[in-house]
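So that the names make sense, note that chain A is the first sequence line, chain B the second, and so on, each numbered from 1. All values reported here derive from a predicted model rather than from experimental measurement.
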2 protein chains.
Amino acid sequence: MSHAFRHRDILDIARKEGKVTVEGLAQHFGVTLQTIRRDLSDLAEDGRLERVHGGAMLPSSTSNIGYEQRQTLNAKAKAAMAKACAQRIPNNISLFLNIGTSTEAVARELRGHKNLLVVTNNMNVANILAEMQDCEVVVTGGNLRRADGGLVGKLATETILQFKFDLAIIGCSALDRDGDLLDFDIQEVSVSQAILQQSRKTYLVADASKLKRNAPARIASLSEIDTLFTDAALPADLPAKCADWDTEVVVARP
Amino acid sequence: MSHAFRHRDILDIARKEGKVTVEGLAQHFGVTLQTIRRDLSDLAEDGRLERVHGGAMLPSSTSNIGYEQRQTLNAKAKAAMAKACAQRIPNNISLFLNIGTSTEAVARELRGHKNLLVVTNNMNVANILAEMQDCEVVVTGGNLRRADGGLVGKLATETILQFKFDLAIIGCSALDRDGDLLDFDIQEVSVSQAILQQSRKTYLVADASKLKRNAPARIASLSEIDTLFTDAALPADLPAKCADWDTEVVVARP
DNA sequence: GCGATTTTTTTCGTTTATGTTCGTTTTTTG
DNA sequence: CAAAAAACGAACATAAACGAAAAAAATCGC
């Protein structure tokens with residue numbers, strides 16, 4: 001196997017986990033430590049990674065807006081959900097991806113899809129998709145929210161209203177026991193609502209931790225969602241409600 | 001079986017797996033390694049795959065690589081111009097930064113400025129500014145152009161027309177002897193024109209190499225620019241023309 | 001079926017990638 | 001603060017992959 005394959009995978013892992021270790025990578029690829037060291041040196045030379053003793057990290061400068069920590073939270077669960085979700089996304093459609101680490105995970109799994117038109121209000125998603133071929137990327141305008149790379153505000157909603165999507169993939173800050181999607185940010189709520197309004201079909205990606213959180217603003221109800229992707233069985237009477245609402249639930253265990 | 005069939009299947013596999021190996025394909029098709037190598041060379045020549053030692057990958061990074069190389073070209077000259085430009089940018093204003101490595105350099109030099117509202121159609125600029133405090137960042141919508149991270153198209157122009165800027169900082173692909181600003185991309189031209197139209201004051205940042213290039217589309221004339229930042233004295237009668245036009249010329253030597 | 005053409009296989013010298021070893025540097029630990 | 005452990009990089013050896021070119025096989029038109 002060539003170093004080129006590893007380089008790409010190493011960057012993938014680094015982006016997913018925030019960091020990589022020499023030992024871990026050697027084990028993962030089944031090669032010697034020295035080989036990995038060479039790889040990391042190469043990547044560091046190109047400025048794609050920052051070399052540290054024992055491994056490497058994402059370079060502090062570019063395209064990462066300082067929320068890598070949250071990103072590593074539940075990384076495996078998110079990857080599993082994202083994979084399940086990506087499998088249900090056909091080729092040749094237009095889709096929207098909104099803000100959130102879960103939707104970013106989905107973006108990463110879209111490699112290999114063909115002829116997609118992806119609209120997003122998430123700078124990170126745009127950065128990820130920029131590296132994929134065979135995928136037209138449209139970014140909505142908006143005010144940049146540093147915390148998560150989101151584009152929000154009037155500009156974002158207005159842009160969205162100009163489109164009609166085959167599929168929308170959204171995340172949310174929290175999910176309550178009544179099956180309501182909640183968010184921390186009022187601005188983001190109106191963006192999400194605009195998305196739902198303009199989409200023929202909607203997928204929600206939300207790991208189980210979202211059920212333990214709370215947030216002030218209501219986006220919508222699960223009844224308006226076609227499919228929910230999560231990583232553990234839903235509690236209480238939510239499964240029954242979803243069945244009632246005709247909302248499919250896909251549980252992708254990590 | 002003819003190579004055409006294999007080519008199609010190879011691309012299919014590559015898209016599905018993200019990569020292919022010479023060994024794996026040889027086994028899969030029951031042919032020799034050499035045959036597969038020839039196939040991969042062909043596909044790579046057409047730009048459909050990126051050849052690597054031991055196999056091939058989807059050509060994800062090709063456009064980025066070109067850009068990263070371009071970015072380091074004249075890095076010192078760009079930094080000098082950018083510094084001079086940033087010094088002339090006051091605090092507490094709204095400004096626009098468009099596509100180009102020169103404007104990215106300016107963005108980097110904006111660290112330390114206070115209370116700016118920066119609008120940009122350049123993903124890289126947005127990424128850079130995201131790390132700066134005390135600076136509201138607005139991103140225009142648009143189709144993402146992988147080559148340079150630019151956001152172009154109708155969405156971009158429309159967004160720009162909703163603003164009025166105190167200052168616009170623009171770059172261009174080329175600058176001809178008549179003092180005309182030129183660009184490779186028609187889409188980008190209308191974006192740049194919209195910017196000029198909506199700005200009270202305009203700075204152009206263009207290193208001397210732009211004078212040696214040529215490009216098909218005309219953005220505007222230097223006469224419409226307030227200040228030109230460059231890294232070497234202008235040739236021929238351009239200085240006289242600029243004086244005539246009341247266009248200030250700032251030469252920042254690296 | 002025959003010759004021309006294309007495609008694939010075979011062969012071989014060259015290039016590239018990986019593994020190994022070992023002395024040096026950095027980090028951890030007592 | 002010093003000893004021990006871990007990580008590092010350079011140098012060399014080995015293995016894998018490479019491309020060019022000749023030979024063999026398949027395909028096509030007649």
Side-chain angles (χ1 to χ4, degrees), chain A residues 1-62 64 68-69 72 75 111-112 131 133, chain B residues 1-66 68-69 72:
Chain A
M1 198 203 298
S2 129
H3 60 146
F5 296 142
R6 282 197 310 270
H7 284 189
R8 197 190 45 174
D9 289 352
I10 288 173
L11 286 175
D12 268 355
I13 294 172
R15 279 195 270 263
K16 220 171 283 189
E17 315 266 334
K19 64 175 186 193
V20 289
T21 65
V22 174
E23 188 94 33
L25 290 172
Q27 210 144 15
H28 180 264
F29 291 112
V31 296
T32 43
L33 302 172
Q34 186 58 28
T35 303
I36 297 296
R37 289 202 191 100
R38 264 189 290 249
D39 288 338
L40 296 184
S41 304
D42 292 349
L43 290 167
E45 199 152 342
D46 292 356
R48 322 254 274 162
L49 282 182
E50 197 169 310
R51 190 70 212 277
V52 299
H53 204 81
M57 317 177 355
L58 292 174
S60 51
S61 57
T62 46
N64 275 293
E68 295 93 352
Q69 286 175 347
T72 61
R111 169 174 298 151
E131 303 203 347
Q133 63 156 31
Chain B
M1 193 194 316
S2 134
H3 60 136
F5 294 133
R6 279 200 312 272
H7 285 190
R8 189 176 40 111
D9 289 355
I10 289 172
L11 285 175
D12 272 352
I13 295 172
R15 275 196 270 266
K16 208 172 294 175
E17 315 271 330
K19 67 180 184 193
V20 290
T21 64
V22 174
E23 188 94 33
L25 290 172
Q27 212 143 17
H28 180 263
F29 291 112
V31 295
T32 47
L33 302 172
Q34 189 57 29
T35 302
I36 297 297
R37 289 204 190 100
R38 213 156 354 84
D39 288 338
L40 295 184
S41 304
D42 292 349
L43 289 167
E45 197 148 346
D46 294 355
R48 324 252 278 163
L49 284 182
E50 189 177 325
R51 189 70 213 278
V52 300
H53 204 83
M57 324 186 335
L58 293 175
S60 55
S61 51
T62 43
S63 56
N64 281 340
I65 286 171
E68 274 160 27
Q69 284 174 348
T72 60

For nucleotides 9-15 of chain D, which of its nitrogen or oxygen atoms have a protein nitrogen or oxygen under 3.5 Å away, and what is each distance?
| from | atom 1 | to | atom 2 | distance (Å) |
| --- | --- | --- | --- | --- |
| D:dG9 | OP2 | A:Arg51 | NH1 | 3.4 |
| D:dG9 | N7 | A:Gln34 | OE1 | 3.1 |

Margin query: For nucleotides 22-30 of chain C, give me one character per nucleotide, 5' to 3': B if any protein heavy atom sits under 4.0 Å from the base, S if the only such contacts are to the sugar-phosphate, - if neither.
Written below: ----SS---
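Nucleic acid contact class of A:Thr35 (heavy atoms, under 4.0 Å, all strands): sugar-phosphate only.
Across every non-hydrogen atom of A:Arg111 and B:Leu58, the tightest pair is CG-CD1, 4.5 Å. Nearest heavy atoms, B:Ala44 versus B:Arg51: CB-CB, 4.0 Å.
Remark: of the listed residues B:Thr35, B:Leu11, B:Leu25, B:Thr35 is the sole one forming a side-chain contact (heavy atoms from CB on, under 4.5 Å) with B:Arg6. With A:Val22 as the partner, the side-chain contact (heavy atoms from CB on, under 4.5 Å) test is satisfied by one option alone out of A:Leu40, A:Val52, A:Thr32: A:Leu40.
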Next item on the list: Check the pair B:His7 / B:Arg48 against side chain to side chain contact (heavy atoms under 4.5 Å, CB included), numbers first and verdict last.
Entry: CA-CA 10 Å; B:His7 285 190; B:Arg48 324 252 278 163; over 6 Å; no
Next item on the list: Would you check, one step at a time, whether the test side chain to side chain contact (heavy atoms under 4.5 Å, CB included) holds for B:Val31 with B:Asp39?
Entry: CA-CA 11 Å; B:Val31 295; B:Asp39 288 338; 5.8 Å; no
Next item on the list: Test B:Ile36 against B:Val20 for side chain to side chain contact (heavy atoms under 4.5 Å, CB included), laying out the working first.
Entry: CA-CA 10 Å; B:Ile36 297 297; B:Val20 290; over 6 Å; no
Checklist line | Criterion side chain to side chain contact (heavy atoms under 4.5 Å, CB included) on A:Arg38 and A:His3, from CA distance to verdict | finding: CA-CA 9 Å; A:Arg38 264 189 290 249; A:His3 60 146; over 6 Å; no
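Rounded to a whole Å, the CG atom of B:Leu40 is 12 Å from the C1' atom of D:dA17. Spacing between atom CZ of A:Arg6 and atom C1' of D:dA16 amounts to 13 Å, rounded to whole angstrom units. Straight-line distance from the CG atom of B:Asp39 to the C1' atom of D:dG19: 15 Å, rounded to whole Å. Rounding to whole angstrom units, CZ of residue B:Phe29 and P of C:dT7 are separated by 16 Å. The separation between B:Glu23 atom CD and C:dA17 atom P is 17 Å, rounded to whole Å. In this structure, A:His7 atom NE2 and C:dT18 atom C1' are separated by 12 Å, rounded to whole Å.
In terms of position along DNA chain C, the nucleotide closest to B:Val31 lies nearer the 5' end than the nucleotide closest to the other residue of the pair B:Val31 and A:Leu33.
Applying the side chain to side chain contact (heavy atoms under 4.5 Å, CB included) criterion to B:Glu17, with sequence neighbours excluded, gives B:Ile13.
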